Amino acid sequence: MGPLVPFIISNEFSLIIALLAGIGFGFVLEQAGFSSTKKLVGLFYGYDFTVLKVFFTAGVTAMVGILLFNHWGILDLTLIYINPTFLYSALAGGAIMGLGFIIGGFCPGTSICAAAIGKFDAMAFVGGSVLGIIIFAEAYPVFENIYSAENWGPVLIYEKLGISRLLFAVLLTVLAFIAFYFTHLIENKVNNYKAQFSRRKLITYGIGIGLAFFVLAVIVATPSKDEMIQNRIANAKRQQKCVFKEISADQLAFEIANHHYNINVIDVRPKEEFNSYHIPMAINIPFEELNDRKWKGIFNQKLKTNYFYADTDTLAKKSCLWAKYIGKSDNFILKETSKDFKQLFSDQIIEPQNASKTEMNIYHYRVKLQQEMNALVEVFKNLSQPVKPKEVKIKGGC
Amino acid sequence: MKSKLYMNPYLAGFLMGLVLLGTIYVTGRGLGASGAVKSVTLSAIEKIAPEHTNNTPYLKDYTESHPGGPLKDWLVFEVIGVIIGAFISGVLSGRVGLKLERGPNITNFTRIVAAIIGGLLFGLGSQLGRGCTSGSALSGMAVMSFGGIITMLAIFGSAYLFAYFFRKLWLK
């Protein structure tokens, strides 16, 4: 599941990825004609809308692709870097950049690209941007107020507009195609000629437009991977049909006392319930959090057996089914609820009076296990909690 | 060698979108440009005048939060890639060569001065706006960031607004 850095690809290796991504980016920028100021500023005088066409197509392609990847469950949208919104600095900075664009004819990316193929003016532009950065760094106190004012954090545009993510994607895609059509008309008018599209070109464009909306329709119409798993789990039939491997409280206690290193006891109840009581050595993964990637390791390994328990049969079964769908681990559920377990192995197990030999055996067995489990809990006081994975924060920016 | 035509803009845009998508899938972040210039510039200042860096809070913060310097900076590597990629493309299409491109009515000197001033403004603005057209506008649009999209609107809006006043630089 993406992003692959830093989970699958290390931060150091990601520098190689950076180089490759840059080569692709630079190649396409140059091929598109972004190394020429004539093509770039054409946008602002209406004779060449290449910038808008390339820019909008790239943005829409990447946006739709991200949604599709998320839909398939291969990209975690909560982890990708969202540019934070600082309202005033974004507007003021953007306005200054726009002025720089029309005077200098480049933006930083395109100037580097043009300098690479030997344009002197582009090199001068890069030199100028170095000066601009130095001025900003030196005069930072002057800009500080506006720079950090109105910090809204990583706001998403569809949240701000109060519409769904998909609706926004559809609107932006429609807007892009409308813009392509009208800029085409403007281009013809300004350049005073009528561009003729060959049949083949028209078909290709038609396919492109069709593809964009087809992908969006697929995302809207089909359930995402996450929803599919949820549906399967919630399906009562599956819960009944699936043969669950069950374990009794006595057996589980034995496993905990003797093979604690070989098992995961997983409490799928909410945190508060876990805190008020839980089976010794158990870890808490609330049902809603099962999907969190930090628990992936627990469900993907084959060495330890997972024992699920909850206060209701359904919840434990759902979790067990879930683990079955996403992982490879050996999963069991506890027959009894946590309350039963608590009663059986409470601190004061009442010694049965005038009991049969079997009952006395069970009593001694439970007392012994209870003591052993308590001893383990004492020893593992600090270790019984799973190690908190380091917070992953992806830095971005320009 | 006669230089070839540019690629169809929609095809180029589609390919660029795929590069951006791949980058976000692998690294969780978009593309950028001005950040690399910043990294190189500020660490050069630190090398030349370490005293000065220590006395300037902004520079000090930056150096402390980027301990590896430019050789550990993602964007620096990306921009090295941009240079390589653009050069390959230029060679393939026969567009490599030392030259200066300018509007028909201005001198080479005016063009260079305008490029420096434009670069200066863009450099300054990208610091204030936390990213340029690649990092903020393009990548921001792909991840639907509100900040990225308003920055984009501000850049292009302001360029359109000022276009009339600087038409002599570009048009006949």
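In what follows, every chain begins at residue 1, and chains take the letters A, B, ... in the order their sequences are listed. None of these values were measured; they are calculated from a predicted model.
A centroid separation of less than 6.0 Å is found between the aromatic rings of A/F55 and B/F156. The aromatic ring centres of B/F166 and A/F44 sit 6.0 Å or more apart.
For chain B, the nearby part of A/E12 is the side chain; its heavy atoms alone come within less than 4.5 Å. Only the side chain of A/K160 comes within less than 4.5 Å of a heavy atom in chain B; its backbone stays farther off. A/K39 touches chain B through its side chain: at least one heavy atom from C-beta onward sits under 4.5 Å away, while N, CA, C and O do not. Contact annotation for B/L100: both backbone and side-chain heavy atoms come within less than 4.5 Å of a heavy atom of chain A. Of the two parts of A/L67, only the side chain, counted from C-beta on, holds a non-hydrogen atom closer than 4.5 Å to a non-hydrogen atom of chain B. Contacts of B/L42 with chain A are made by side-chain atoms alone, with heavy-atom separations under 4.5 Å and no backbone atom involved. Contact annotation for A/F101: both backbone and side-chain heavy atoms come within less than 4.5 Å of a heavy atom of chain B.
Geometrically, A/R165 does not engage A/F168 in a cation-pi contact, judged by NZ or CZ lying under 6.0 Å from the ring centre and within 45° of the ring axis.
For the atom pair CG (A/L172) and OH (A/Y158), the distance works out to 13.5 Å, reported to the nearest 0.5 Å.
Under the 30°/60° scheme for interplanar angles, the aromatic rings of B/F162 and B/F165 are found to be tilted.
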